[in-house]
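Written below as structure tokens is the structure these notes are about.
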Amino acid sequence: MQIKLDLHIETVNAALTGLGKLPFEYSAQHITAIQQQAAPQVQAAEQEAKAKEAQLSLPLDQPND
């Protein structure tokens with residue numbers, strides 16, 4: 001069974017920090033699973049933010065004299 005969660009990035013990072021303190025043989029597969037699912041989402045959000053930033057930095061149309 002799978003459960004879908006919608007968590008803020010700080011919550012995910014806190015969970016990963018906690019998992020990182022556990023023995024490697026227990027936590028490694030869980031850390032990997034979280035990272036594999038989170039990475040594409042983080043990359044998409046970063047690209048979206050860059051695209052919005054680029055739109056904001058476009059010069060306004062200037063009337064031609």
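We number each residue from 1, following the sequence as shown.
Under a 4.5 Å side-chain heavy-atom cut-off, the cluster of Ile, Leu, Val, Met, Phe, Trp and Tyr residues that includes I9 is completed by V42.
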Using atom types as modelled, flag every donor-acceptor pair under 3.5 Å from a side chain in residues 23-40 to any protein atom, sequence neighbours excluded.
| residue | atom | partner | partner atom | Å |
| --- | --- | --- | --- | --- |
| S27 | OG | L19 | O | 3.2 |
| S27 | OG | P23 | O | 3.2 |
| T32 | OG1 | A28 | O | 2.9 |

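Residue pairs that meet the side chain to side chain donor-acceptor pair (under 3.5 Å) test with at least one member in residues 39-50, sequence neighbours left out, are E48-K52.
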Verdict with supporting geometry, M1 and I3, side chain to side chain contact (heavy atoms under 4.5 Å, CB included): CA-CA 7 Å; M1 179 173 109; I3 296 174; 4.0 Å; yes
